[in-house]
Amino acid sequence: MTSKILIIGACGQIGSELAQALRNKHGKDNVVASDIDSRNMEVVQSGPFEIVDAKDYNSVKNCIDKYDIDTVYLMAAMLSATGEKNPMAAWDLNMNSLFHVLNLAKDGVIKKVFWPSSIAVFGSNTPKENTPQHTIMEPSTVYGITKQVGERWCEYYFKNYGVDVRSIRYPGIISWKTLPGGGTTDYAIDIYHKALTEKSYECFLSADTSLPMMFMDDAIKATINLMEAPEEDVKIRSSYNLAAMSFTPQDLFEAIKKHIPDFTITFNPDFRQKIADSWPKSIDDTSARNDWHWQHAFDIEKMTVEMLEKLGEKYGVRIS
Ligand code: AKB
């Protein structure tokens, strides 16, 4: 039987690209996109779309019942930087949406759940280089706290109620289609837009802040691969470490400058520096590579070519 999929938070940065990828793979009528508003017209017009408030159990359940959904990708979340400005709102959205979906799976209404975690689960006492799958986790942001607690609940629902929930600790995700929404890693997207439109960029992190990052195509591939992996291969039910590359703002500036020689950068760290300083510099994702054969395709050079080409088309700028 064909699976009927619901994406909650489908107008956001990852949700919107996931919606397109799943619609291409499973047919548009089998993938219902939903969000709190209809701001992304490509998502709204390319298949079934519903307004769903992830914080409201009935709103989620009514949509699941209406379309006979069996698989939910819960992509709605308040990210690290915005979460620090609205701690209780971040807690409310990130935790209640997860409980609604986990409880619907526990009650047998749906069969399978994807829920994104993040490198934000780690904190200042975590080993920074090659951060292991299992290690000290003392997150310092509300976003990180919700992700760490969420991971514990995912594992709990799997162990105690047999809920088939799968999760990835996303690094910073870089993409050109949709702008990111309030994260600490957002600079790595802003920089491409500014390089093309203004040839200069003021970075809100310091030049030497190394963070784990990934190009969107790899993130989508990982998400779908994990969800399609045989149940017995998914050995971690909290959340998988996942890595592709790590770089600093200076590294990214130099990669872009190879294509735009007169591009300039200045550094003016703000409150997001403290968040970035509490996160790992690089991630050990051996478990994902062993358990469900994860492999990334994009490094900083290949990603930069793709970003400049696609955004260049959007802004009408040709890059050598
Ligand atoms: C953020 O910066 O908050 C996110 C994340 C790393 O989860 N991109």
Side-chain angles (χ1 to χ4, degrees), residues 9 12-18 73-87 89-91 93-95 97-98 114-124 126 128 131 137-151 154 167-193 203-206 209-220 222-223 238-249 252 269-283 285 288 296 298 303 307:
Q13 189 204 3
I14 305 177
S16 58
E17 300 222 18
L18 191 58
Y73 291 74
L74 174 55
M75 308 309 287
M78 195 178 289
L79 299 185
S80 58
T82 313
E84 289 311 280
K85 292 183 180 154
N86 308 281
W91 178 263
L93 170 62
N94 296 359
M95 294 316 303
S97 59
L98 177 60
F114 178 82
W115 176 77
S117 185
S118 160
I119 55 165
V121 292
F122 300 116
S124 303
T126 304
K128 289 230 174 292
T131 300
M137 294 157 79
E138 293 172 349
S140 56
T141 60
V142 178
Y143 172 63
I145 293 169
T146 63
K147 291 299 176 186
Q148 193 202 6
V149 174
E151 286 190 11
C154 286
S167 176
I168 284 171
R169 290 173 183 152
Y170 289 129
I173 306 295
I174 295 154
S175 64
W176 53 270
K177 278 193 190 152
T178 310
L179 285 172
T184 302
T185 57
D186 292 6
Y187 90 85
I189 299 174
D190 299 344
I191 192 171
Y192 287 105
H193 288 265
C203 186
F204 59 74
L205 296 182
S206 68
T209 308
S210 180
L211 286 171
M213 300 278 186
M214 180 174 289
F215 189 54
M216 179 64 87
D217 294 27
D218 276 337
I220 298 297
T223 306
S238 51
S239 191
Y240 275 95
N241 273 8
L242 196 75
M245 56 186 132
S246 284
F247 55 76
T248 65
L252 191 52
D270 66 12
F271 73 100
R272 288 168 281 195
Q273 184 66 47
K274 204 168 99 197
I275 301 176
D277 288 342
S278 75
W279 288 353
K281 292 180 191 299
S282 59
I283 297 286
D285 62 353
H296 68 277
F298 284 82
M303 174 181 77
M307 287 293 285

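Counting convention: from 1, in listed order, for ligands and their atoms alike. Remember, predicted model here, so these are calculated numbers, not experimental data.
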Counting N and O atoms only, with roles assigned by atom type, does the side chain of K128 sit under 3.5 Å from a partner on the main chain of D277, one being a donor and the other an acceptor?
yes
Can a donor-acceptor pair be found, under 3.5 Å and without considering hydrogens, that links the side chain of N241 to the backbone of A288?
no
Residue, atom name and distance, where the atom is the protein heavy atom closest to [atom]:
| atom | answer |
| --- | --- |
| atom 2 (O) of ligand 1 | T184 N, 2.7 Å |
| atom 5 (C) of ligand 1 | S118 OG, 3.5 Å |
| atom 8 (N) of ligand 1 | T185 OG1, 2.9 Å |

Does any donor atom in the side chain of S175 or Q13 lie under 3.5 Å from an acceptor atom in the other side chain?
yes
Is it the case that the side chains of E17 and T178 hold a donor-acceptor pair, with the cut-off being a distance below 3.5 Å and no angle test?
no
Residue part near ligand 1, for I173, under 4.0 Å between non-hydrogen atoms
neither
At under 4.0 Å between heavy atoms, is it the side chain or the backbone of S80 that contacts ligand 1, or both, or neither?
both
Please verify the inter-ring angle class for Y73 with F114; under 30° counts as parallel, over 60° as perpendicular, anything in between as tilted.
tilted
Could I get the full list of ring-ring contact (aromatic ring centres under 6.0 Å, His included) partners for Y143, not counting sequence neighbours?
none
Which atoms from ligand 1 have a heavy atom of I119 less than 4.0 Å away?
6 (C)
Which of the ligand 1 atoms, numbered from 1, are nearer than 4.0 Å to a heavy atom of L79:
3 (O)
Does an N or O anywhere in D186 fall below 3.5 Å from an N or O of ligand 1?
no
Has ligand 1 got any nitrogen or oxygen that is less than 3.5 angstrom from a nitrogen or oxygen of W279?
no
R272 with E84: basic N within carboxylate O range, under 4.0 Å
no
